Amino acid sequence: FFSMLQTTRACLRAAAEKAAAAAATTAAAVSTCSAARGGKLQEQAGPLYATGLVVHNQLTRERTELRTRTQGVVRWYQCGSTVYSGSHIGHACTYVRFDILRRILQAHLGLQVVQAVNVTDIDDKIIQRATESQRPFQELARHFEQEYFEDMQTLNVLPPTVLTRVSEYIPEIVKFIQAVESRGQAYQTADGSVYFDVHGWRDHYGRLAPSRLHQLLQETQQHQAPAPDTSGKRHPTDFAVWKAAKTSAEPGWPSPWGRGRPGWHVECSAMSRVLGTEFDLHTGGVDLLFPHHENEIALSECCTGRTPWAAYFLHSGHVNIQGVKMSKSLGNVVPLRDFLQQHTPTQLRLLCLLTRYSSTIDFGPTMMQEARAMENKVLNLLDTVRQRLAALPADVPRKPSPADLALVDRVHHTQSAVSGAFRDNFDTPSAVKALMQLLHHINLHLEAQAGLSDQTLQAVDFIVSTLQSVGVQLPGRLAPAWTPHLTLAHRHQQSSKALQDDGGDALALEELVVMRAKLRQLALAAKKGSSNNSS
């Protein structure tokens with residue numbers, strides 16, 4: 001993790017320098033934007049670099065190639081956790097799905113990913129729950145933040161390049177709101193709250209989800225309460241960027257508008273600037289598409305006068321429970337830690353691999369049985385290979401059979417299929433299908449002949465390395481430390497548990513490497529013996 005930080009610092013510095021160098025241009029563009037109050041935005045200029053990856057961009061609602069602003073680098077902002085309670089499987093699937101995408105970008109496309117993930121530790125839900133439990137809200141937030149970090153490590157989710165907490169970015173958020181206000185797109189109400197003027201930005205608002213905006217406006221017109229809005233909002237679609245503290249006991253920070261706290265949407269807009277004023281990729285659950293991501297776009301593009309703020313938006317699908325959307329109101333939420341009492345983190349990741357990142361996961365016995373069956377197939381194959389290797393005779397080096405050579409061709413075909421699937425909007429179901437077809441043929445190959453050829457080991461090695469490249473953990477493998485906040489004692493306990501759970505019954509990638517080395521040593525020994533006999 002720390003070596004990754006070193007390699008990405010240069011990218012972050014370059015982004016900061018680029019933002020600074022463009023300051024004059026930005027100011028001119030903002031001036032134009034301010035004068036027009038929602039006037040024409042300046043289109044982004046400059047070279048874009050191909051990646052060979054096709055994605056479905058929610059911003060344009062089209063399939064298009066991912067092209068980055070910096071060659072070989074993807075700058076990515078991901079909405080993280082609001083730490084007022086523990087994670088459920090809907091959260092977990094989102095985190096794991098985007099971790100899979102990140103790993104594909106790095107391992108299969110050779111791209112450097114500079115990823116920022118936020119922790120929302122200031123929020124109405126946190127304050128409400130802290131009040132109900134009679135705990136300081138910071139204490140409650142830190143408790144669930146730590147739980148979130150531990151869950152990410154359990155799920156083998158890679159640590160972000162930059163982790164941002166809202167509570168550590170209050171000055172930057174205040175300055176961001178002041179900039180929006182100076183452009184005439186925010187207004188203060190009598191109680192000291194500040195709202196973004198969506199109506200004044202209407203020419204640019206709703207690009208991400210126009211149908212959702214239309215639906216909201218219709219519902220507002222049909223169900224608008226007869227009593228006037230006492231908040232001071234000028235239009236029903238306007239949203240708060242600064243919320244005035246109602247009492248002295250309520251959490252708050254000083255600001256030009258009085259004591260208060262930031263609104264949810266502006267937090268991400270301001271904190272994303274650790275990547276620069278514009279970046280390549282923005283992700284989150286589909287429930288964040290509107291209004292959260294729509295409002296982020298409005299705030300950020302108003303502030304710079306340029307578009308697009310984030311060039312690509314990808315959203316992960318919902319999780320249904322046996323055909324019904326998971327929700328607290330229906331009482332069908334499955335806490336992640338309850339799930340992990342019955343299933344493994346590997347099974348959850350395989351469940352995510354068996355579906356496209358953007359599709360709905362129908363969680364239930366059928367899908368989990370499919371994930372468990374896939375896990376068992378891989379582990380059974382590795383167990384078979386381990387047993388065959390232990391029984392290898394001394395004369396194992398031999399001329400490959402026609403079946404061995406056919407298996408080599410099949411591996412090459414699978415490699416091409418997996419690569420093509422990953423480059424087609426991260427089509428993990430097709431990639432997994434290709435891997436399982438290869439696994440089936442390896443099993444047939446093992447049944448048809450005794451012993452264990454080097455070609456068979458190479459085929460097994462490809463399956464194992466591909467699965468591990470997208471984060472599938474085999475017994476004996478440890479997740480990278482997700483955060484320095486995890487104590488050394490906790491890491492030691494996890495390490496010891498992983499080694500105990502392994503029991504020597506499964507084959508990790510390191511064991512395959514040892515196998516191949518052993519085969520080479522046997523081959524050299526046999527060759528040397530043959531030379532001595534001939535002499």
Side-chain angles (χ1 to χ4, degrees), residues 79-88 91 117-151 163-181 186-198 225 227-273 287-288 291-292 295-296 299 327-329 333 335 483 485:
C79 288
S81 178
T82 300
V83 285
Y84 72 97
S85 66
S87 298
H88 54 64
H91 299 137
V117 175
N118 76 292
V119 170
T120 300
D121 59 350
I122 300 173
D123 184 80
D124 293 348
K125 294 176 182 177
I126 299 173
I127 296 169
Q128 179 181 347
R129 182 156 187 182
T131 302
E132 292 170 352
S133 60
Q134 297 183 337
R135 298 171 65 182
F137 87 96
Q138 301 99 323
E139 179 185 302
L140 181 92
R142 290 294 169 267
H143 169 80
F144 286 112
E145 179 188 271
Q146 183 68 16
E147 190 174 298
Y148 163 64
F149 290 154
E150 292 171 2
D151 289 342
L163 187 74
T164 62
R165 284 193 187 114
V166 173
S167 60
E168 298 173 346
Y169 282 80
I170 297 296
E172 289 83 356
I173 294 171
V174 168
K175 289 179 181 178
F176 188 97
I177 296 171
Q178 286 179 299
V180 173
E181 188 179 41
Y187 57 89
Q188 185 176 358
T189 58
D191 70 346
S193 296
V194 181
Y195 286 85
F196 182 80
D197 181 10
V198 172
D229 189 342
T230 58
S231 68
K233 286 171 58 174
R234 297 174 182 172
H235 193 270
T237 57
D238 294 353
F239 57 89
V241 292
W242 187 260
K243 297 182 177 182
K246 296 180 176 64
T247 67
S248 59
E250 190 173 304
W253 287 260
S255 80
W257 316 282
R259 189 169 167 276
R261 63 184 183 275
W264 178 34
H265 309 301
V266 75
E267 294 169 348
C268 287
S269 294
M271 292 190 298
S272 72
R273 292 197 160 196
D287 54 309
L288 300 182
H292 183 51
N295 291 346
E296 287 180 332
L299 286 164
S327 68
K328 291 184 178 180
S329 61
V333 172
T483 168
H485 294 285

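None of the values given here were measured: they were computed from a predicted structure. For the numbers below, each heavy atom of this structure counts, side chains included, while hydrogens, waters and symmetry mates do not.
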For this session: Identify the two heavy atoms, one from R259 and one from S248, that lie closest to each other, and give their separation to 0.1 Å.
Result: NH2-O, 3.4 Å
Exercise. When you look at I177 and V266, which way does the side chain to side chain contact (heavy atoms under 4.5 Å, CB included) test go after all the steps?
Worked result: CA-CA 8 Å; I177 296 171; V266 75; 3.9 Å; yes
Exercise. Backbone N or O of Y84 within a donor-acceptor pair of the K125 side chain at under 3.5 Å?
Worked result: no
For this session: With R234 as the cation and Y187 as the aromatic partner, state whether NZ or CZ is under 6.0 Å from the six-membered ring centre and within 45° of the axis.
Result: yes
Exercise. Do I127 and D123 come close enough that some side-chain heavy atom pair is under 4.5 Å?
Worked result: no
For this session: Verify, without hydrogens or angle tests, whether N118 (side chain) and G80 (backbone) share a donor-acceptor contact under 3.5 angstrom.
Result: yes
Problem set entry | Between Q188 and W242: side-chain donor-acceptor atoms closer than 3.5 Å | no
For this session: With the side chain counted from C-beta on, respond yes when H91 and S81 share a heavy-atom pair under 4.5 Å apart, and no when they do not.
Result: no
Exercise. Would a distance-only check, ignoring hydrogens and angles, find a side-chain to backbone donor-acceptor pair under 3.5 Å from D238 to H235?
Worked result: yes
Problem set entry | Residue pair E139 / H143, side-chain donor-acceptor N/O under 3.5 Å | no
Problem set entry | Heavy-atom closest pair, residues T120 and V166 | CA-CG2, 3.8 Å
For this session: Look only at the side chain of S255 and the backbone of W257, and say whether a donor-acceptor pair between them is shorter than 3.5 Å.
Result: yes
Exercise. Once you round to the nearest 0.5 Å, how far does CZ of R273 lie from CD1 of I173?
Worked result: 12.0 Å
Exercise. Any sub-3.5 Å donor-acceptor pair from S269's side-chain atoms to L299's backbone N or O?
Worked result: no
Problem set entry | Positive for side-chain hydrogen bond (donor to acceptor under 3.5 Å, both in side chains) with D121, one of Q138, R142, R165 | R142
For this session: With side chain to side chain contact (heavy atoms under 4.5 Å, CB included) as the test, would you mind laying out the steps for E145 and F149 before giving the verdict?
Result: CA-CA 6 Å; E145 179 188 271; F149 290 154; 3.5 Å; yes
Exercise. Under 3.5 Å, side chain of S193 to main-chain N/O of T189, donor-acceptor pair present?
Worked result: no
For this session: Return the minimal non-hydrogen interatomic distance between A130 and L140, and the atom names on each side.
Result: N-CD2, 3.9 Å
For this session: Compare all side-chain heavy atoms of Q128 with those of E132 and state whether any distance is below 4.5 angstrom.
Result: yes
Exercise. Any side-chain heavy atom of V83 within less than 4.5 Å of one from I126?
Worked result: yes
For this session: Evaluate the criterion salt bridge (charged side-chain N to carboxylate O under 4.0 Å, His left out) for residue pair K243 and D124; output intermediate values, then yes/no.
Result: CA-CA 10 Å; K243 297 182 177 182; D124 293 348; 2.8 Å; yes
Problem set entry | Which atom of E296 lies closest to which atom of C79, heavy atoms considered | OE2-SG, 4.0 Å
Problem set entry | Trace of the salt bridge (charged side-chain N to carboxylate O under 4.0 Å, His left out) decision for R261 with E250 | CA-CA 10 Å; R261 63 184 183 275; E250 190 173 304; 2.5 Å; yes
Exercise. Nearest heavy-atom pair of P256 and Q178: which atoms, and what distance?
Worked result: CG-NE2, 3.3 Å
For this session: Please name the pair of heavy atoms, one in Y195 and one in A240, separated by the smallest distance, quoted to 0.1 Å.
Result: CD2-N, 3.5 Å
